[in-house]
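Okay, so here's the structure we're looking at.
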Amino acid sequence: MNVLNFQYEPTEKQRQFHKSKANEVLFGGAAGGGKTYAIVMDAMDLCLRHGGIKAYIFRRSYKELEDNLIPIAREKLTDEIGMYRAASHEIMFKNGSLLRFRQLRNMEDRFKYQGAEINALYIDELTHFTKEEYDFLKSRLRVNKALGFEPVVRCTSNPGGRGHGFVKSYFVDIAPYNTEYETSVFSKVLGRERIRTRLYIPALVTDNPYIGEDYIFELENKPKAIRDAYLLGKWDAFEGQVFSEWTDDPAHYEDRLFTHVIKPFELPDHYIKFRSFDFGYSRPFSVLWWAVGERDEVYLYKEWYGASAPNVGVRLSPREIAKGIINRDKGDIIKASYADPSIWDSSRGESVALQMEKEGIYFLPGENARISGKMAVHDRLKFDGEGRCGLYVFETCRDFIRTVPALEYDQYRPEDINTEGEDHIYDAMRYFLMNRIRGKKALQRKPKVFNPLEENEIRNNDFL
């Protein structure tokens, strides 16, 4: 890598970031690891090595760009290399390359870039963006063959933010750290496939020799969630995380102590089983299968998450979902099933509940009180002095493990979940847990007399 023009000596982790040949790279984790510096240097170096290209660096706002990234570029820029144009937030290099600093405040901003030709895409603080925004920006990635250059995506981020869940699953969880992950992409138009690669490079503050000790001492004295995320680079903890109690410790999958994720085991015949359901069409739906043990502890032993991508539904009809549930029951004897009360709404036609009943799947209305539902989850996640809790999740339930720990608080309703996140599995969990409040009897509902003129009647009194 040619860095002499910038008088820049990268750290070992920064050097790894610069040298990577992967199509998409995330340099992330702890604060103070030199990520922002590296992304600016990489973009400038790329523009110098390939004349005539257009590189873009995105952040949420121009203020963030002007406060954090543009000063780094201007510090390293010389008249021999190029000039910075403040009015347009871009660097024009002498070899014809352009480095543009741009904001994407929300999806509405995408219209500004529909015609953009991005040869190299850089995003600082990727978790501040949604998966939809990230995918849109990548759709603008293309290169004229004459340039002899393959487009790249380079990102940095700390844990936390609206995109935490998708970034963690897309980059962090797919392969061991510092290991390229390969996926095959097939083109029907071209009639052939291509291998695409992703890489996550973890950053720690201790990787950066230019950071003073005072900064480390300051991070160590922060609350646990901030300390774990910004000092240790942990993706299971971050500021604003709702369920900070969540613990996923593979060392205790077998003994089930001080971990919520456990190794699957054969459920005893006397464990009572339940289902819970959150409907979605354009957004994902969620079906969860639960078992209740001797201590009234609950086990999530099976899940079905109807998503084609993070927070994108698979557009199955209620009757198709019902058939899928029957296929996945596999002989389980379900005592009761709970769902969002809104599925009994018939104001716009035949209700979701009635459509599913026609296939033989019945539900009871779940209790939909949001704050008390959240508190029921908190209560279940608590560990006692022996390391036991009230809620366990089989390690095979990967979508629960991915989405629920990533939920954030709503900035306008500080006691509630941010519903812009992937809260569908969480909602299905709430409907069940509100009927299994520890220390209290399950909510009882009086059986109703069936009236064929009222499609909203609950028809399976065996569940009551």
Short N-O contact, E350 and K358, less than 4.0 angstrom: yes
Side-chain heavy-atom pair E422, R283 within 4.5 angstrom cut-off: no
Aromatic ring pairing Y271/F265, orientation class (parallel under 30°, perpendicular over 60°, tilted between): perpendicular
Any side-chain heavy-atom pair of E132 and M107 under 4.5 Å: yes
Y200 ring center near F27 ring center (under 6.0 Å): no
For C397 against V393, the heavy-atom pair lying closest together: CB-CG1, 3.8 Å
Validation row, ring centre Y134 to ring centre F129 under 6.0 Å: no
Gap between atom CG of N311 and atom CG of D423 - 0.5 Å precision: 7.5 Å
Residues H424 and D427: side-chain donor-acceptor under 3.5 angstrom: no
pair L26-S157: side-chain heavy atoms closer than 4.5 Å: yes
side-chain hydrogen bond (donor to acceptor under 3.5 Å, both in side chains) against K234, all qualifying residues, sequence neighbours excluded: none
Step-by-step side-chain hydrogen bond (donor to acceptor under 3.5 Å, both in side chains) determination, R315 to Y281: CA-CA 4 Å; R315 296 178 179 269; Y281 184 73; 4.7 Å; no
Verdict with reasoning, R198 to E182, per salt bridge (charged side-chain N to carboxylate O under 4.0 Å, His left out): CA-CA 7 Å; R198 276 176 260 160; E182 293 186 354; over 6 Å; no
Heavy-atom closest pair, residues P151 and L141: CB-CG, 3.6 Å
Nearest atoms (heavy-atom pairs only) where R154 meets S20: NH2-O, 3.1 Å
Salt-bridge contact R398-E303 (side-chain N to carboxylate O under 4.0 Å): no
Main-chain N/O of G34 paired to T11 side chain as donor or acceptor, under 3.5 Å: no
Flag, side chain of E408 to backbone of I417, donor-acceptor distance under 3.5 Å: no
Euclidean distance, C389 SG relative to R295 CZ, rounded to 0.5 Å: 7.5 Å
Interatomic spacing from CG in L364 to CG in N435 - rounded to 0.5 Å: 7.5 Å
Criterion side chain to side chain contact (heavy atoms under 4.5 Å, CB included) against N119, the qualifying member of V152, L46, V143: V143
Heavy-atom donor-acceptor pair, T403 side chain to D399 backbone, under 3.5 Å: yes
Flag, side chain of D379 to backbone of M375, donor-acceptor distance under 3.5 Å: no
Identified salt bridge (Lys or Arg N to Asp or Glu O under 4.0 Å) partner of D124 from the options R59, K35, R102: R59
Reported CG-to-CD distance for the pair N178 and Q16, which is rounded to 0.5 angstrom: 4.5 Å
P202 backbone acceptor or donor facing K13 side chain under 3.5 Å: yes
Test item: R388 side-chain N/O and D384 main-chain N/O as donor-acceptor pair under 3.5 Å: no
Whether F243 and H378 hold their rings parallel, tilted or perpendicular, with breakpoints at 30° and 60°: tilted
Presence of salt bridge, E24 and K138, under 4.0 angstrom: yes
Distance-only side-chain donor-acceptor flag, Q241 / S244, under 3.5 Å: no
Polar side chain donor-acceptor pair, W304 to S286, under 3.5 angstrom: no
Polar side-chain atom of N106 near backbone of D109 as donor-acceptor pair, under 3.5 Å: yes
Pair F285 + F279: ring centers closer than 6.0 Å: no
Flag for Y122-D42: side-chain donor and acceptor within less than 3.5 Å: yes
Over 12 foreign heavy atoms within 6.0 Å of CZ, R370: yes
Neighbour count above 12 (heavy atom, 6.0 Å) for E420 CD: no
L433 side chain near V298 side chain, heavy-atom distance below 4.5 Å: yes
No-hydrogen, no-angle side-chain donor-acceptor test under 3.5 Å, S342 and D340: yes
Donor-acceptor contact below 3.5 Å, side chain E133 vs main chain T130: yes
Main-chain N/O of T259 paired with T247 side-chain donor or acceptor, under 3.5 Å: no
Sequence-distant partners of F277, ring-ring contact (aromatic ring centres under 6.0 Å, His included), two or more places apart: F363
Of F400, Y392, F383, Y299, the residue whose pairing with H260 passes ring pair (Phe, Tyr, Trp, His ring centres under 6.0 Å): F383
Salt bridge E245-R380, side-chain N to carboxylate O under 4.0 Å: no
Polar side-chain atom of Q355 near backbone of P318 as donor-acceptor pair, under 3.5 Å: no
Crowding at CZ, R192 (>12 non-hydrogen neighbours, <6.0 Å): no
Heavy-atom side-chain proximity of D278 to Y426 below 4.5 angstrom: no
Ring centres under 6.0 angstrom apart (F394, Y253): no
Smallest separation among heavy atoms of V404 and M429, with atom names: CG1-CE, 4.2 Å
Minimum heavy-atom distance between S308 and V314, given as atom pair plus value: N-CG1, 3.5 Å
Pair S184, E193: side-chain N/O donor-acceptor within cut-off below 3.5 Å: yes
Contact check, side chains of V153 and V25, non-hydrogen atoms, under 4.5 Å: no
Whether Y170 and F166 hold their rings parallel, tilted or perpendicular, with breakpoints at 30° and 60°: tilted
I195 CD1: over 12 foreign heavy atoms closer than 6.0 Å: yes
Side chain proximity check, V292 to R436, heavy atoms < 4.5 angstrom: yes
Basic-acidic side-chain contact under 4.0 Å: D332, K302: yes
salt_bridge(D416, K374) N-O dist < 4.0 Å: no
D329 and R275, any side-chain heavy atoms less than 4.5 Å apart: yes
Closest contact, heavy atoms only, N368 versus Y431: OD1-CE2, 3.4 Å
K112 atom NZ, neighbour heavy-atom count above 12 within 6.0 Å: yes
CA sep, side-chain torsions, deciding dist, call: T197, N23, side-chain hydrogen bond (donor to acceptor under 3.5 Å, both in side chains): CA-CA 5 Å; T197 54; N23 299 109; 3.2 Å; yes
